[in-house]
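Residue numbers start from 1 in every chain, and the chains themselves are labelled A, B, ... in the order their sequence lines are given, proteins ahead of strands.
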Protein chains: 2
Amino acid sequence: MSSEVRGARRGIKGHPKTGPSIGDVARLAGVSSQTVSRVSTGSEPVKAETRERVLDAMRQLGYAPNHAARALRQGNFRSIGLIAHQVIRTGESKTIEAVIEAARREGYSVSLVDVESPSSSDVSEAVQHLSHQAIDGLIIIRAETATPAALALPPTMPVAVSDSRFIGHHPAVGADQVGGSRAAVQHLLDLGHATVHHIAGPGGSGPADLRATAWKQTLVNAGREVPEPFDGDWSAETGYKIGNEIAKRDDVTAVFAANDEMAAGLIHALHEAGRRVPDDVSVVGFDDIDLAAHLWPPLTTVRQEFHQIGHDLVEVIMRQLGGREQLTGYHGTVAAPLIVRQSTAAPRKRRRTRR
Amino acid sequence: MSSEVRGARRGIKGHPKTGPSIGDVARLAGVSSQTVSRVSTGSEPVKAETRERVLDAMRQLGYAPNHAARALRQGNFRSIGLIAHQVIRTGESKTIEAVIEAARREGYSVSLVDVESPSSSDVSEAVQHLSHQAIDGLIIIRAETATPAALALPPTMPVAVSDSRFIGHHPAVGADQVGGSRAAVQHLLDLGHATVHHIAGPGGSGPADLRATAWKQTLVNAGREVPEPFDGDWSAETGYKIGNEIAKRDDVTAVFAANDEMAAGLIHALHEAGRRVPDDVSVVGFDDIDLAAHLWPPLTTVRQEFHQIGHDLVEVIMRQLGGREQLTGYHGTVAAPLIVRQSTAAPRKRRRTRR
DNA sequence: CGGGGAGATGTTTACGTAAACAGAATGAGT
DNA sequence: ACTCATTCTGTTTACGTAAACATCTCCCCG
C-alpha cells in the first residue's frame, strides 16, 4: 500500500463511502486510534498537548464520530422511539415537545412515527417498524384502537404509555381524565343547569371513553337525567356540525365537549344561530389549548398538563433503562384542573319540564 | 468451548448484552449466517423450505435485526434529522406530520430535535447534536436567528430548509410568503380601507420579516401611508395585548396579523372592548390553522400548505440522497392563497381625514 | 539512586451485519 | 452421459468504534 496517502482507500472494496474514520484522524495526529477515541469520548485522561493535536486533526478532516459504529459497540443508540396518532392535535404536540426536551436533557434523541389511521394493524406496523429501528425505548402516545397484546415488541424494550388502556400492561403516565371530567360536569351542575350534554370523542379512543364515562357517572351520581351524547371525532368541524343541531334545540343549556376544538366548533355554530354563550348555552372544553383563552368567549376548560406528562414519560423510560427497574404496573397520574373562564354561567331560565 | 450451548456466551467479554444475533439464528436453523441475512433482507432468493426454517428460528429466538450493525455495514441509517423551533405552532406541527409521513413512505424514520430558545448558538448546538446522530439528511424548519454560515455541518450531508434566509445556501421549500401577504393587504385595501396596520412576528424571524416587508411594500405601491407596525412574538397573548392598544384607537380599521394566533388574540381584545369585527375593525391572519374557520367571526387568512411543504422537503432530501443531485440553489415555492371568511369587510365610515 | 506507582498511550479484539467471492447442487439441452 | 447455466448456500472479510489488557514514561519518595 502507499504510505502517506490517506483518504485514498475509500471505495476499494464494495463499501459505500463514509466520512473520515477514527483511524484517519489517528494517522494524521500521529497517535493510536484508541487515543482518538479517548479524546472523542472524554472517558479517560489524555495529555493536553496530545488532545490538542487530535482535535486539530479532527477539525482538519471534518471528522464526526460514526454513530452506527458507536451504537454497535455500546449496544445502545441513545434514542427513543415515539408513536403518536395525530401529531397535530395540540395535546400530542405539547407532549411531544416535552418528550423531546426531556430526552435531549438526558442525551437522547427522539425518533417519531405517526400512525395515520388509528387502526390496530397500523399501530402494530408502526411498532414493528420502530422496534427494528435504532431505539432503546418506546413511548406510545395514544395508541387508539391498538391493544396491548397486539403490540408484540421485544420483551426487553422499555416502554412508557400515556394511554390508559395500557395500564397494567405497560407503565403509564396520563392526565386525570376522570377527575377533570367530573369537575367540568359538576361545575355546570353547580351553576344550576338541570343536566349536561356531552360531545364525545371517537369511540374506541381511551381518553374519549374515559371522559364520556366520567360525564355519565357524574350525572348519575347527582341524580340527573343522562341525555344521549353526541358523537364527535375531536375535530372543530364535527363540533360545528353538532353545534348546528344543538342550536335548534332549546333544551340544551350546558355542553361538555371532550376537547377544545370541538368546543370551538360548537361555539361557532351557536354564534351563527344567534344563541348566546354562555347566556343561552354554557360550554366547557378539555385540554386548555393555547387558543382556549382567546376564543370568544374565553373557554372554560379542563387543563391537561401535557408538558408534565411528556416529561414523566421520559423519566419512566430512563428508570427502566438505567437500573433495570420493573415498572409494569406503574401508573402516574397528572392532575387535570378545571380552568373557569367565561363560556359558562348559570342558565337564564330554569326549565324543569322538558319537551 | 461447549458445543451445543447457545446463548450462553453473552457477557463473557465486557460487552453489554444484546439480543439474539444473526449467528444464533443461523445455528438454530442449521444454515450459514449469510443465508439468514438473505432471508432477513430479501435481497437474494432462498429456497422456500430453507426460508421457513430460518423464519421459524427467528420467531423462536425473538430475533430482530440489529440496526446499528446494519447501518454500520451499509453506511446509512434510513433516518432523517429534523430541527424545528417550536413544535407546538400549528404550522410546524403540520409540516412535521407531513415530513414524517413522506419519510415513512420512503422507508425513513425521522429524528426530531426542538430548539428551545431561538438563539443562534442553540441552533448550532442542535445541528451539532443531530449531525452526530444517526441521520442521512437534515431538514430545518425555521432556523430563526441562525445563519447559514453558523451551521457548519458535514459538507456531504443533504439538507433541506423551509426558511427563506437559507436560499442560495441550502435547497429550500417554502410558502409564497410575499404573495400571500400582498394578497391579504390588497384585499383590505380593495375593501376600501385607507391603510392597513400590521402585527409583526418577532424580529429576526425569516417569515416574520418577509410578511412585514411585503405588507409595507404593498401599502407603498398603493400610495398609502405606512403606519408603525406592532411587534408581536407569534403568541395569542401578544395579539391580545396589542389588541388592547388597538381597541383604544379609532383610526385603525384594518389589521394584518402575521399569524392566526395573534389574530385570535387581537379579536379577543376587540370583543372585550366592544369593538366589532369586522364592522369596526377588519382582521386578516396568516397560516389558516384548523381553528381559523371556527373562530368568531371565522377568520380571513392566508393559507399555508404545510402538508405540501413537508412533503416537498422530504423529496428534496431524497433527490440529494439518491442521485447525488446538487440542489444548493433550489428554491421551491408553494402558493399561499388568501381565504376570505368573515373577519373582513368594508369600513363602516370612510375617514379620509385621519388624526 | 532505585523501586513503585500513577498516568498516558498503544495493541488486540469483538460488536452484528452484508458484500464479494467461491463452491455445491440442480436441471436443461445436446 | 456430459457440459454448462442457473439457483442456492457457505466462507471470508471489512465497516468504525471502544473495552480490556499491555506497555511505557515519568516522577516521587525512601
Side-chain angles (χ1 to χ4, degrees), chain A residues 1 6-7 9-27 29-54 57-58 61 63-78 132-134, chain B residues 1 6-7 9-27 29-54 58 61 63-78 132-134 154:
Chain A
M1 317 295 161
R6 61 166 191 283
R9 52 188 255 280
R10 300 278 153 240
I12 54 167
K13 222 43 192 297
H15 280 291
K17 61 115 194 40
T18 55
S21 78
I22 204 173
D24 298 326
V25 175
R27 214 166 305 124
V31 298
S32 76
S33 60
Q34 185 54 34
T35 298
V36 176
S37 169
R38 283 189 260 254
V39 170
S40 159
T41 61
S43 58
E44 286 173 71
V46 174
K47 196 156 60 174
E49 183 210 341
T50 314
R51 168 167 32 250
E52 272 317 308
R53 203 142 37 89
V54 170
M58 283 180 175
L61 295 172
Y63 166 82
N66 181 315
H67 191 74
R70 266 194 185 170
L72 173 59
R73 191 73 237 288
Q74 314 199 132
N76 69 47
F77 302 89
R78 303 202 71 77
H132 284 214
Q133 291 297 322
Chain B
M1 317 296 161
R6 63 166 188 284
R9 55 187 251 280
R10 299 279 153 242
I12 55 169
K13 224 35 192 303
H15 279 291
K17 61 117 194 38
T18 55
S21 79
I22 204 173
D24 298 327
V25 175
R27 214 166 306 123
V31 298
S32 76
S33 61
Q34 185 53 34
T35 297
V36 176
S37 169
R38 281 190 261 255
V39 170
S40 161
T41 62
S43 57
E44 287 172 69
V46 174
K47 195 156 61 173
E49 183 209 342
T50 314
R51 169 166 32 249
E52 271 317 309
R53 204 141 36 90
V54 170
M58 283 181 176
L61 294 172
Y63 167 81
N66 181 315
H67 191 74
R70 267 195 183 169
L72 174 58
R73 190 70 238 284
Q74 312 199 133
N76 69 46
F77 303 89
R78 303 201 72 76
H132 284 212
Q133 291 297 322

Check your understanding: The side chain of Asn66(A) lies closest to which of these nucleotides: dT17(C), dT17(D), dT9(C)?
Key -> dT17(D)
Review point. Can you tell me how far P of dA18(C) sits from CZ of Arg70(B), to the nearest Å?
Key: 4 Å
Practice item. Say whether, by atom type as modelled, one donor and one acceptor occur between the side chain of His67(B) and the main chain of Ala68(A) under 3.5 angstrom. Key: no
Review point. Within the modelled atom types, does a donor on one side and an acceptor on the other bring the side chain of Gln34(A) and the base of dA19(D) under 3.5 Å apart?
Key: yes
Review point. With a 3.5 Å cut-off and no angle check, do the side chains of Arg70(B) and Ser40(B) form a donor-acceptor pair?
Key: yes
Practice item. Ignoring hydrogens and angles, tell me if any N or O in the side chain of Arg51(B) forms a donor-acceptor pair with the backbone of Val46(B) under 3.5 Å. Key: yes
**Study point:** Straight-line distance of Arg38(B) CZ to Ile22(B) CD1, nearest 0.5 Å
**Key:** 10.0 Å
Review point. Below 3.5 Å, does any donor atom in the side chain of Arg73(A) face an acceptor in the base of dG16(C), or the other way round?
Key: no
Review point. Arg38(B) side chain N/O closer than 4.0 Å to the phosphate oxygens (OP1, OP2) of dA18(C)?
Key: no
Review point. Using a cut-off of 4.0 Å on non-hydrogen atoms, how would the nucleic acid contact of Thr41(B) be classed: base, sugar-phosphate, or nothing?
Key: sugar-phosphate
**Study point:** Nearest-Å distance for atom pair CZ/C1', residues Phe77(B) and dT17(D)
**Key:** 12 Å
Point to revise | Whole-Å distance separating the CD1 atom of Ile22(A) from the P atom of dT11(C) | key: 14 Å
Check your understanding: Between Thr50(A) and dT9(C), is there a side-chain N or O to OP1/OP2 distance below 4.0 Å?
Key -> yes
**Study point:** Below 4.0 Å: OP1/OP2 of dG10(C) and any side-chain N or O of Thr35(A)
**Key:** yes
Check your understanding: To the nearest Å, how far apart are Glu49(B) CD and dT26(C) P?
Key -> 11 Å
Point to revise | Spacing between Arg27(B) atom CZ and dT11(D) atom P, to the nearest angstrom | key: 13 Å
Review point. What is the distance from CD of Glu52(A) to C1' of dT9(C), rounded to the nearest Å?
Key: 17 Å
Check your understanding: Please give, in whole Å, the distance from dG16(D) P to Asn76(B) CG?
Key -> 13 Å
Study note, to complete from the structure: Whichever of Ala69(B) and Pro45(B) has the more 5' nearest nucleotide on DNA chain D, that residue is Pro45(B)
Check your understanding: So which nucleotide from dT9(C), dA18(D), dC15(D) ends up closest to the side chain of Leu72(B)?
Key -> dC15(D)
**Study point:** Polar side-chain contact Glu44(A)-dA8(C) base: donor and acceptor under 3.5 Å
**Key:** no
**Study point:** Straight-line distance of Glu44(B) CD to Gln34(B) CD, nearest 0.5 Å
**Key:** 7.0 Å
Review point. Between atom NE2 in His67(B) and atom C1' in dG16(C), what is the gap in whole Å?
Key: 13 Å
**Study point:** Selected nucleotide, minimal atom distance to Ser32(A) side chain, candidates dG16(D), dT17(C), dT11(C)
**Key:** dT11(C)
Practice item. Give the nucleotide from the list dT17(D), dT9(C), dA18(C) with an atom nearest to the side chain of Val46(A). Key: dT9(C)
